[in-house]
Amino acid sequence: MILAANLGFPRMGSHRELKTALEKYWKGASSAEELRATAAALRARHWLIQQRAGLAHIPVNDFSLYDQMLDTTAMLGVVPPRFGHAGGHVPLDLYFAMVRGTASAPAMEMTKWFDTNYHYIVPELTAGTAFTLSSNKVLDEYNEARFLGIQTRPVLIGPVTYLALARMTDGSDRWSLLPRLLGVYREVLGALARSGADWVQIDEPVLVTDLDESAAAALRSSYALLGQSPVKIMLATYFGAVGDNLSLLAQLPVAGVHVDLVRAPGQLEEVCKTVPQGRLLSLGLVGGRNIWKTALTDAERLIERAREWRGAKEESSLMVAPSCSLLHVPMDLGDETKLDAELKSWLAFAVQKLEEVAALANAANGARDSVYFLENARALGSRATSPRIHDPAVAARLKAVTQVMAERHPPFPERIALQQALLKLPLLPTTSIGSLPQTAELRDIRARFKKGMVSQSDYERFLEDKTAEAMRWQDEIGIDVPVHGEFERNDMVEYFGEQLKGFAFTERAWVQSYGSRCVKPPIIFGDVSRTAPMTLHWTKLAQRYTKKPVKGMLTGPVTILQWSFVRDDQPRRDTCLQIALAIRDEVLDLERAGVKIIQIDEAALREGLPIRKKDWADYLGWAVTAFRLTASGVGAATQIHTHMCYSQFNDIIGAVAAMDADVISIETSRSAMGLLEAFVDYSYPNDIGPGVYDIHSPRVPSQTEMEALLEKALQVLSPQQLWVNPDCGLKTRGWAEVRPALVAMVAAARAVRQKLQAAKARPEPV
Ligand code: GLN
Ligand code: ZN
C-alpha cells in the first residue's frame, strides 16, 4: 500500500473567516470564546475535507491563530522579557501582544519564511533563555481531532530550524541552547505518544539550505535524541533539493523522510538509494507553492522509479504527498466563479491538490481512476498548445533579445552630465517614492466603482481631481521632482497585471502573508505583452500642473514576477524577460511623451534570491538583465530611477550596481544611514537617495532629524550624488502626517544645501 498524506493546510477558510474573527477580536468586538469557536470550526472543516479526500496522514497543529513559529515560541515559553511575562502558560492576549506590540513593548519582528511570501515571527533568544513547556496547543488540537474520530499527524517545527531562524539578541551562540530546547521537544513527543499519536511530522526545511558544521552537528544530536521517542518521526524537508545534506539526512535515526520532488525531481534517485531501507519515504509530488495542475503521468513515473530504486519489497514504505505545506496556495478553485472554464481546467488549489495526491496513491495501489487521469492529460495538452498562452510574436521578440539591447549608452558619468544640463536640479534634489496617501474616501469610492455603484467617468474624475490637488500641493511646498501620486493604483503589481496580456485575477484565491493579512497574487498563465500604454494618461495629466519634471512610475519585471503565481511551463527567466519587454514599451512611450525621469521599482529583487548560494549568480544575472532591458531603450538624457525598500545590500551590491540606474532610492532612515555602508564600501558610482523619513511609523520626523541624517550621508557620499526622499511609498500614511513630514523634508534639504554652498563660497583655508 502506498498511502496519501498532507503536510499542512491553509488556515484562513474559504471566506477568510479566520481573518474576520481575528480582526473582530482585536477590535474588542468579540470574545476569546467566539474566536476560539471560529478557529475550531475551521479546523474541523479542514480535517473533514482532508479525510474525505482519502488521506491517511492528516496534519494537526498546522493551524495557527497567527503563525507557527510564534506557536513554537509559545510552546517553549520563550516570551521576550519586555512583555513582562512571569513564565508558564502563554495567555491569548499575550500571544497577540507579542506580534502586535503594546504601549510599552514593541512587537516582535517578522521576516520571510525561506523563499516564500509568508512571514514568520522571529524568536528572540539569549544565552540565558530557559525553555519550559508552556502551551498545550499541539496536544489539544490532536485530541480535538480524535474527538471527531479523525486520527492525525501532529506537525512541529524542528528544533534546528527553530534555532537557525531565531535571533540571538545578545549575539551568543544559538547552538548552546540546543540541549535545553530538546528537553521540551521530548516532553511534547512523549505526551503525544501517550495520547495515541502514531506519527509526528517534524519540519526541518533548513535541510535544503547551506548548512555549516554546527548546524549539521545540531541535526545529528537532535535526532539521536528525538529518534528515541515513542512516536514515529516523519522528518520533512521542502522548498528544494536536500543536495549536499543528503548523507547527513540519511544518517538521522527517524522513521520517515519527506522530500520535495516538485522543486527538485532530480534528487529522487539519490534519495532512494541513500536513505536507508526501512524508512518511510514521503514523495512530495504535488506542488505546494504554485497553482497549476500536476502532470499526473509524470508523477506516476516518479513513483514507479521510486519503487524500482527502493526495491519491490520496500513498496509499502512509500507515501505520496504535496511538496510542502499547502499554506502557500489558495484554498479551493471551486470558489472562483469568474475564471473561465479553460483557465480553471489548468489550475489546482489546495483542495484540488489533495485530490491529486489521493488519485496518485490510488493509482499506485492499482485503483487508477482513468477518467480523472484522462481529464488531467487533456488539461495539460490544452495548456501546452493553447493560443491564449503561446503568442508567437512574444516568443520571437524574446528570442531576439541580446545583451547589447540591455546596455545603456553612454556610461553613467556622461549620462548624468546630460541629464543635469537638461533638468537643472539643485543639489540634494527632493522627491518621493511614488504613492501618496490612499485615504478612506479613495478606497471607498474604488470599492464602489468595482461593485458597479460608481460610473467609470465619475471614478476617473475623482482620481483626476486627487492627482491635480497632489500636484498643486507638491509645487507649493517646493518638491523638485514631483510624482502623480498613484491614486489610480490599488496595488503596484495588480495595476500593471490587469493591463497586460497573459495575466489572470481571481476572486478568492487568498494566501496568508502574515497574521490576518492575506494577498491575492495574480496568475501569470501566458506570454506577456502590452496592448496599450498603462501609465501615460496619469503622468501626462500630472505634468500639466507643474513646470518641474514629473517622475513617471512603473513596477519592474522582477517585482511583478515575484509577487505573482508564475507559469511553470517555461523558465522563470523567460517570463521575467517578457514582462521586461512590455515595461520597456511603456518606458519608451513615456519618454516619447516628454517624461524626463522614470522610476522602475524593484521592491522584490532581493526576496527573489534562491535558497542556495550557488544559485544566486544565475538568478541575479537574469534579474539584472530584465531590469536593464526595461531601462536601456531610452536616450542618455532620460533619467532612470529605481527603488528598493529594504536595507540589506551587502551581498548583492554588485548586482545592484550592474542595474546601472541613474538614481536608486533605498530604505535607510531606521538604521540611521548605517545601511549605506554597502554602497560606500563598493564605491557605488551612481546617484543615491537614502530614505530620511521612516514611513512605517505614523511619527512625523522633524527637520533637524532629517538634516542630521543628510549630514551623516554626506560624510560618505558626495553632495552631487545625494537625493532626498522618504524610505518608501506613502500610500499607507495619512495626509495629516505626510504634509508636515514632506514640508520638513524639503526644508531639511534646503538647509543642508545652503550649508554646502556657504562652505563652497568660503575660501580654502591655507
Ligand atoms: N512606487 C511604489 C509606491 O510608492 C513603491 C512601493 C514599494 O516599494 N513597495 O507605493
Ligand atoms: Zn519601497
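Order of appearance sets the numbers: ligands from 1, and atoms from 1 within every ligand.
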Anything under 3.5 Å between a donor and an acceptor, one on a side chain of residues 675-682, the other on a protein residue two or more places apart or in another chain? List them.
none

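Between Arg592 and Asp589, at least one side-chain nitrogen of the basic residue sits less than 4.0 Å from a carboxylate oxygen of the acidic one, meeting the salt-bridge criterion.
His643 meets the ring-ring contact (aromatic ring centres under 6.0 Å, His included) test with no other residue; sequence neighbours excluded.
For Arg446 and Tyr459, the positive end is not near the middle of the six-membered ring at less than 6.0 Å and at most 45° from its axis. Remark: Arg16 is positioned above the aromatic ring of Trp510, its terminal NZ or CZ atom under 6.0 angstrom from the ring centre and at most 45 degrees off the axis.
Side-chain contact annotation: Arg584 with Ser632, donor-acceptor N/O pair under 3.5 Å present. Using a 3.5 Å distance cut-off with no hydrogens or angles, the side chains of Asn725 and Tyr693 do not pair a donor with an acceptor. Of the N and O atoms on the side chains of Gln599 and Lys551, at least one donor lies less than 3.5 Å from an acceptor on the other residue.
Residues His484 and Tyr545 keep their aromatic ring centres 6.0 Å or farther apart.
Taking a heavy-atom cut-off of under 4.0 Å, ligand 1 is surrounded by Ile433, Gly434, Ser435, Glu486, Met492, Met553, Asp601, Ala603, His643, Cys645, Cys728, Gly729.
For the Zn ion (ligand 2), the tally of protein N/O/S atoms lying closer than 2.8 Å stands at 3.
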